[in-house]
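In what follows, a structure is listed as structure tokens, so that the remarks can point back to it.
In the text below, chain A, chain B and the rest are named by the order of the sequence lines, each starting its count at 1. For clarity, every value in this text was computed on a predicted model and none was experimentally measured.
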There are 2 protein chains.
Amino acid sequence: MQNINVVIWGFGAMGQGIGSMLLEKEGVTIKGVCDLNPTYEGKSISSILEKPSKVSETFVSKEIEELLTSDVDVVFLATDSFTKKSYPKIKQILEQNINVISTAEEMAYPYASEPELSKDINELAIKNNVTVLGTGINPGFVMDLLAITLSGAMVDVESIEVRRVNSLSPFGKTVMDEQGVGISIQEFEERIKSDSLAGHVGFKESVYMIADALGVKIDHFDQQMKPIVTSVDRKSKYGEAKKGNLAGIDMTAQATVKGKPFIDMKHPQQIEPEIEGTETGDYIILKGTPNIEMKISPEIEGGLGTIAMCVNMLPHVINASPGLKTMIDLPVPRAIKGDIRKLIK
Amino acid sequence: MQNINVVIWGFGAMGQGIGSMLLEKEGVTIKGVCDLNPTYEGKSISSILEKPSKVSETFVSKEIEELLTSDVDVVFLATDSFTKKSYPKIKQILEQNINVISTAEEMAYPYASEPELSKDINELAIKNNVTVLGTGINPGFVMDLLAITLSGAMVDVESIEVRRVNSLSPFGKTVMDEQGVGISIQEFEERIKSDSLAGHVGFKESVYMIADALGVKIDHFDQQMKPIVTSVDRKSKYGEAKKGNLAGIDMTAQATVKGKPFIDMKHPQQIEPEIEGTETGDYIILKGTPNIEMKISPEIEGGLGTIAMCVNMLPHVINASPGLKTMIDLPVPRAIKGDIRKLIK
């Protein structure tokens, strides 16, 4: 059996992580990488990743059209956070009869924010006999799929509380900017006004994934963004926050069902949380019959987690029936220790 | 759309729990219950469960043949722990073109102990165009599926440690006997010799489910059983252990891959563990990239958990392609809050 052939579109932190992970796996070949960054153009991925390739060498190209050939099984699309921005790229891939795994946060449950585009993507995928999946650590796993999975051991669920308290220290400059690390309170307020502070993208996706999985209808969804102001100077590899400025952002969300609180989410993200005594972790508290209180401490590392989720879902996406899928449609994710080809049905 | 019709075969603690849970759900009718216990014969399930039925009343029958009618969608089979003993019943159900959800521990991953019977069951199910699933809290969830799911967020896994430290206090007389609660050390040794002490059934199933999910080959599997001797008198609703006798059994298992330890399982079960300071909980420690340490404390209650897993998998089993399935083949379990019929594709 031939190796699984994949293309990586977008060679930033996530795309590179996916590439690096794939180089360690058996039965898969990175056929092409597309990125517009001029410093990568024409370079081999081994040289960029500083890691040898067991199979043939791959070079970064700007021309996606040349890479979407008939022997490609899956494209990892790691270019955007939003469904609307990913849509033309997804369409282009699907029309070449190639499966898509997207890192875009909204694509983890695109029905939440883009029901019309979701319908289009589903129809396009079915028409071209391929599958589309959005995944990642959050949304895609910690604050949705894991809570859903745990609820499977419950006779009834009354309420769901999920907290992800994580460190931004391992992340790069893009994340520092998106999460407002180092900015002043005044700048925070200005960026809120101009709607230019991303914060966490994914609460709505997580909440609607949970609601649809459990079969309840959300009648109200709300989310808030607050600054995490540091009282000491903090510094990480790519971020710096002086005393009095933002170490990160505290985001919260709530959803009600039949007028009662049903889902409560808390997701404070900051650099160097331990410097002021914050214990990081992932916490899921399900009230019902029976109660379940889960804790993962420290939190599952976000960058590695997203990379792993994307690569580990590769066989499930190839095996799936055609259409737009989400994590609740497919078998549980799992690490891949053996030859990926053996997992294809 | 008509209600989903189910039959419960075996109306002990698990069968009754499944019945009680189903009575609370929308879109499902318990068409029949089969049990050989003469005290239940001809009685209504509402009177046994002390719970009203929203739909028509169901009476316990001894004659399974009469219950396996063409309008039945799923039989919950809650009669045995072992595949071999369940096999004739599973065969009988499948031959009537009815799906099966089994509580038998070995059926959670029958390939581990009964590869030939598994093949037969799979072929029978495909021939009759229906699906068979074994599930439960353990095996079926805590010590296997949950560890597998968490590994999905990992780039690589080096080793897996799972501990389930639980209380037997909520369980009935059958479990007290199976777990040796109250017996002397001498009796424990005699029952070990005569192979009449069940202990936990499921380590082999959990270990092979994990190994197959991750794509590794187990080269050695071993398990041990030790008495948990109480140093104080202990008493639960259905169990009693005098000082010096067994409060329960401590079971452990190990599996190696390529000669190295890969899976390590610890499962001490006893009545009233807190009386001697034992904190109960479910613990999963995955070493690799990244490490993941999960804790659920107290442990997910075993009886309710098994009941919930069986009922919550109902729509997945109806939706599945024909054949013998395990928890790693189907979408993630989830609690059912709405009408079950809406979950059928």
Contacting moiety of [X], where chain B heavy atoms sit under 4.5 Å:
X	value
A:Ser297	backbone
A:Tyr283	neither
A:Lys342	neither

Task: Best-contacting candidate, B:Ile300, B:Thr289, B:Asp282, B:Thr135, against chain A by heavy atom pairs under 4.5 angstrom - done: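 Sorted descending by pairs with chain A, the first entry is B:Ile300.
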**Report entry** Most chain A-contacting option - heavy-atom pairs closer than 4.5 Å, from B:Gly215, B:Gly338, B:Pro333
**Finding:**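 Sorted descending by pairs with chain A, the first entry is B:Pro333.
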Could you check whether any side-chain heavy atom of [X] comes within less than 4.5 Å of a side-chain heavy atom of [Y], counting everything from C-beta outward?
X	Y	answer
B:Asp156	A:Lys337	yes
A:Met154	B:Leu304	no
B:Leu330	A:Pro331	no

- Message: Less than 4.5 Å to any heavy atom of chain A: does that hold for the side chain of B:Val155, its backbone, both, or neither?
- Response: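 For B:Val155, backbone and side chain are both near chain A.
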Exercise. Does atom NZ of A:Lys51 have more than 12 heavy-atom neighbours from other groups under 6.0 Å away?
Worked result: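 Yes, the 6.0 Å shell around NZ holds more than 12 heavy atoms from other groups.
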Query raised in the report: Looking at A:Ile284, A:Ile336, A:Asn312, A:Leu214, which one has more heavy-atom pairs under 4.5 Å with chain B than the rest?
Result: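 Most heavy-atom pairs within the cutoff with chain B belong to A:Leu214.
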Greatest number of heavy atom pairs closer than 4.5 Å to chain B - which of A:Pro298, A:Ala213, A:Ala147, A:Gly281:
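Greatest number of close heavy-atom pairs with chain B: A:Ala213.
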How far does [atom1] of [X] sit from [atom2] of [Y], to the nearest 0.5 angstrom?
X	Y	atom1	atom2	result
A:Glu301	B:Ile292	CD	CD1	10.5 Å
B:Leu286	A:Ile296	CG	CD1	9.0 Å
B:Lys345	A:Asp329	NZ	CG	5.0 Å

**Q.** Candidates A:Leu146, A:Val332, A:Leu150 - the one meeting side-chain contact (heavy atoms from CB on, under 4.5 Å) with B:Val332
**A.**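 Option passing the side-chain contact (heavy atoms from CB on, under 4.5 Å) with B:Val332: A:Val332.
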- Message: Which heavy atom of A:Arg334 sits nearest to which heavy atom of B:Ser151, and what is that distance?
- Response: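 So the minimum-distance heavy-atom pair works out to CA-OG, 3.5 Å.
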Q) Are there residues of residues 15-28 of chain A that reach to under 4.5 Å of chain B by heavy atoms, and which ones? A)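 The residues closer than 4.5 Å to chain B, in numerical order, are A:Met21, A:Lys25.
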